2 protein chains.
Amino acid sequence: MGEERLFADEVGVVLSGMGMPAAFGKLMGWLLICDPPQQTSTQLAQSLGLSKGSVSTGMRALEQLGMVRRVPARGRGYAYEMLPDALVRTVDARRLYLVIHDVMQKGIEVLGGDESLPRAQRLRVTRDFYAFVAERVPQLIDEFARKEGLSQRRKDG
Amino acid sequence: MGEERLFADEVGVVLSGMGMPAAFGKLMGWLLICDPPQQTSTQLAQSLGLSKGSVSTGMRALEQLGMVRRVPARGRGYAYEMLPDALVRTVDARRLYLVIHDVMQKGIEVLGGDESLPRAQRLRVTRDFYAFVAERVPQLIDEFARKEGLSQRRKDG
DNA sequence: CACAGCGTTCAGAACTTTCTAAACCTTAAT
DNA sequence: ATTAAGGTTTAGAAAGTTCTGAACGCTGTG
């Protein structure tokens, strides 16, 4: 088994340690180093020893996260290709931050809606922090993109 | 069942949706709004309908993450109290970013160690990005802490 | 029109994780 | 020293998730 395959498996273990499916991580690891960068589902299944079903599910997830795109393949169908800034995008999940923001707001309301209440302190700080993060993370990513010369156009949400 | 309990349960659902144990989220939600802020294991188990074991495990995790601290309790033992900036701390998990950084570095080595290789682009960008994030996130947290007037002293690691 | 190649969906098996309950240990008061 | 209260650990049950393999649908080709 090649070193590249071993690398893919290792990414699988790392991601699995973060609470995601192992197949998801394997696919990610493989797409990060494979040659050519474009791979069909069949190729992925064979290269990684995964069932077609696992590949289908995993690639759907990667696509939904915006880490992977489909490109036309020679002949019929399409192939998958990882974007150069795939993992950069995962940090840009503002929705995640806002979920926490909203829960904290709800907590304040449970306490009566008075933010100055001592009991509401923890909730308020947390809420404001996640609003802050949701605002700043995109800026951070832009800064990095500029520094790297990535042509990263940002659509604000 | 009180609204506060419902809020705790809801946080449990949200956290569970992010891949963490539900009991963990329940404890977090409860500690965010409970009165008084100090709670013993027994109180937590009763208030949330959890077994003593679940509380013990969950509180260990919360303590290890630095979100909760023990305070002396009247009489014997201690009580738990959530820190005002508990959730701020969770974002400061630099180790997490560096894990990804290291995996990317390993991938570059699998490819022969030549970063200028086209095939190594994705790996290099990702590696550099996570180094960037690991450097900037602490700054971001400091900025927020200053703005909020939180006495957040930072030890650099 | 029939066929071959691909990809998706779905049901079940295997696995991992979480929760509980009971036994055990520690601490403090009498 | 004994006892009662509280906390931790552990084994086992319960629940949830992921993976696979087979059936299905679609698309283009001969």
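Note on naming: letters A, B, ... go to the chains in the order of the sequence lines (proteins, then strands), and numbering restarts at 1 for each one. A quick note: this is a predicted structure, and the numbers were derived from the prediction, not measured.
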Value in whole Å for how far the P atom of D:dA15 lies from CE of B:M20: 23 Å

For atom CG of A:L27 and atom C1' of D:dT18, their distance in whole Å: 13 Å

Using 30° and 60° as the class boundaries, would you call the ring planes of A:F132 and B:F144 parallel, tilted or perpendicular? tilted

How would you label the contact of A:G58 with the nucleic acid (heavy atoms, under 4.0 Å): base, sugar-phosphate, or nothing? nothing

With no hydrogens and no angle check, just 3.5 Å: does a side-chain donor-acceptor pair link A:E109 and A:Q105? yes

Give A:T40 one of three labels, base, sugar-phosphate or nothing, depending on what nucleic acid heavy atoms sit under 4.0 Å from its own. sugar-phosphate

Five pairs per end, C1' atoms only: what is the angle between the end axes of the helix from C:dC1-D:dG30 to C:dT30-D:dA1, to 10 degrees? 10°

Can you give me the closest heavy-atom contact between B:G29 and B:F7, atom names plus distance? O-CE2, 3.6 Å

What one should report as the nearest heavy-atom pair of B:V91 and B:Y97 is O-OH, 3.2 Å

Check the phosphate of C:dG7 against A:R60, side-chain N and O only, distance under 4.0 Å to OP1 or OP2. Yes or no? no

First of A:S51 and B:S41 reached from the 5' end of DNA chain D, by closest nucleotide: B:S41

Value in whole Å for how far the C1' atom of D:dG6 lies from OH of B:Y78: 9 Å

Length of the line joining A:K26:NZ and D:dC19:P, which is rounded to integer Å: 8 Å

Using whole Å, what does the distance between atom P of nucleotide C:dT16 and atom CE of A:M18 come to? 20 Å

Checking all strands, does A:S56 fall into the base, sugar-phosphate, or nothing category for heavy-atom contacts under 4.0 angstrom? base

For the residue pair B:K26 and B:D9, what are the closest heavy atoms and their distance? CE-OD1, 3.3 Å

side-chain N/O A:S54 vs D:dT20 OP1/OP2, d < 4.0 Å: yes

Let me know the distance between CE of A:M59 and P of C:dC6, rounded to the nearest Å. 17 Å

Residue pair A:L62 / A:M28: nearest heavy atoms and the distance that separates them: CD2-CG, 4.0 Å

I want to check one thing: is the phosphate of D:dG7, taken as OP1 and OP2, less than 4.0 Å away from some side-chain N or O of B:T42? yes

Do B:R89 and B:D85 meet the salt-bridge criterion of a basic N to acidic O distance under 4.0 Å? yes

Side chain of A:R70 (C-beta onward), nearest among D:dT8, C:dT8, C:dC19: C:dT8

Write down the distance between CG (A:L50) and P (D:dT18), rounded to a whole number of angstrom. 14 Å

Report which part of the nucleic acid A:Y80 touches: base, sugar-phosphate, or nothing (heavy-atom distance under 4.0 Å, all strands). sugar-phosphate

So if I take every side-chain heavy atom of A:K52 and compare against C:dG7, D:dC19, C:dC19, which nucleotide ends up nearest? C:dG7

